[in-house]
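Scroll down for the structure; my scribbles are underneath it.
Reminder, nothing fancy here: chain letters follow the sequence lines and each chain counts from 1.
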2 protein chains.
Amino acid sequence: MVKKKVRGSTSGRPIMALLDLLGRRWVLRLVWELREEPRRFRELQALIGGASPTIVNARLRELRAAKLVELDPEAGYRLTALGQELLKLFLPLHLWSEKWAKAL
Amino acid sequence: MVKKKVRGSTSGRPIMALLDLLGRRWVLRLVWELREEPRRFRELQALIGGASPTIVNARLRELRAAKLVELDPEAGYRLTALGQELLKLFLPLHLWSEKWAKAL
DNA sequence: CCTGTTACTACATTTTATGTAGCGATTCAT
DNA sequence: ATGAATCGCTACATAAAATGTAGTAACAGG
């Protein structure tokens with residue numbers, strides 16, 4: 001069992017590694033935009049609002065390394081089983097964000 | 001009811017604004033480190049691994065603007081009621097991250 | 001061969017974060 | 001009243017990360 005070092009995570013605690021990964025620019029948006037169906041590289045790039053291909057590719061590579069996303073040449077990028085589990089944990093955010101917006 | 005424009009969010013959809021806010025560097029970590037008790041500025045800075053005071057202050061200001069965090073001069077920085085609600089949604093991540101780490 | 005699509009890379013410019021020092025206010029002991 | 005300690009926070013030069021634009025290589029169909 002190999003432990004990979006992740007940016008900003010000195011502890012090796014999974015939660016820290018996860019928060020670090022998810023806290024990188026565009027990562028949450030990428031996962032979110034993959035919630036319904038597989039997406040092509042350019043499609044994904046457009047959906048998240050036109051981030052540079054450089055960074056889209058870098059993030060997708062990180063997400064693939066984390067086994068949350070995979071690339072099917074036929075269909076495009078999509079969430080792995082693991083990625084879908086993570087997404088499910090995030091779904092309550094959608095509803096809550098509406099409440100939050102009203103409170104602002 | 002005023003809608004604030006948030007970086008990367010052209011839609012005005014709360015979920016996008018939220019994902020954008022949470023996706024900024026150190027934000028998830030800051031919220032996480034406030035999960036148990038109020039923390040002082042420097043204490044918080046140390047807990048998240050020594051980010052520069054410049055950026056810690058910038059993020060805390062954003063979190064205060066978002067009404068997720070507040071500063072009590074007596075006790076330090078702490079989550080607002082809203083912030084605590086958000087944290088509760090994140091708690092399942094802790095357990096899941098252990099499973100995820102094993103899958104890597 | 002030409003055209004279009006795919007994912008992706010190169011690289012100069014711009015934006016963001018870091019690291020270090022220090023400020024102004026407050027509290028507390030001498 | 002003076003000096004030390006702590007508080008949140010700012011200034012600013014350096015370093016790292018993201019952007020924007022162009023372009024590459026691989027493949028498909030006409």
### Query
salt bridge (charged side-chain N to carboxylate O under 4.0 Å, His left out) with Glu36(A): which residues, sequence neighbours excluded?
none
### Message
Restricting to salt bridge (charged side-chain N to carboxylate O under 4.0 Å, His left out), what partner residues turn up for Glu43(A), sequence neighbours left out?
### Response
Arg39(A)
Rounded to whole angstroms, how far apart are [atom1] on [X] and [atom2] on [N]?
X        : N       : atom1 : atom2 : value
Asp72(A) : dA7(C)  : CG    : C1'   : 14 Å
Leu71(A) : dA26(D) : CG    : C1'   : 14 Å
Arg24(A) : dT16(C) : CZ    : P     : 19 Å
Arg59(A) : dA7(C)  : CZ    : C1'   : 18 Å
Asn57(B) : dC7(D)  : CG    : C1'   : 13 Å
Glu74(B) : dG8(D)  : CD    : C1'   : 14 Å
Leu63(A) : dA7(C)  : CG    : P     : 16 Å
Leu60(A) : dA18(D) : CG    : C1'   : 15 Å

### Task
Using a cut-off of strictly less than 4.0 Å between a heavy atom of the residue and any atom of DNA chain C, enumerate the qualifying residues of residues 31-41 of chain B by number.
none
### Query
Tell me, for nucleotides 18-23 of chain C in 5' to 3' order, what letter each nucleotide earns: B for a base near a protein heavy atom under 4.0 Å, S for only sugar-phosphate near one, - for neither?
BBB-B-
### Query
Quick one: side chain to side chain contact (heavy atoms under 4.5 Å, CB included) partners of Pro53(B), sequence neighbours excluded?
Phe41(B), Gln45(B)
### Query
By side chain to side chain contact (heavy atoms under 4.5 Å, CB included), which residues pair with Ala51(B), not counting sequence neighbours?
Trp26(B), Ile48(B), Ile55(B), Val56(B)
### Task
Report yes or no: does Trp32(B) contribute a side-chain atom to a donor-acceptor pair with the main-chain N or O of Met16(A) at less than 3.5 Å?
no
### Heavy-atom donor-acceptor pair, Arg29(A) side chain to Leu19(B) backbone, under 3.5 Å
no
### Task
Please list, chain by chain and in numerical order, all residues satisfying side chain to side chain donor-acceptor pair (under 3.5 Å) with Arg78(B), sequence neighbours excluded.
Glu70(B), Asp72(B)
### Summary
So side chain to side chain donor-acceptor pair (under 3.5 Å) across residues 82-92 of chain B, not counting sequence neighbours, yields Trp96(A)-Glu85(B), Lys99(A)-Glu85(B)
### Message
Give me the atom names and distance for the closest heavy-atom approach of Leu22(A) to Leu28(A).
### Response
O-CG, 3.4 Å
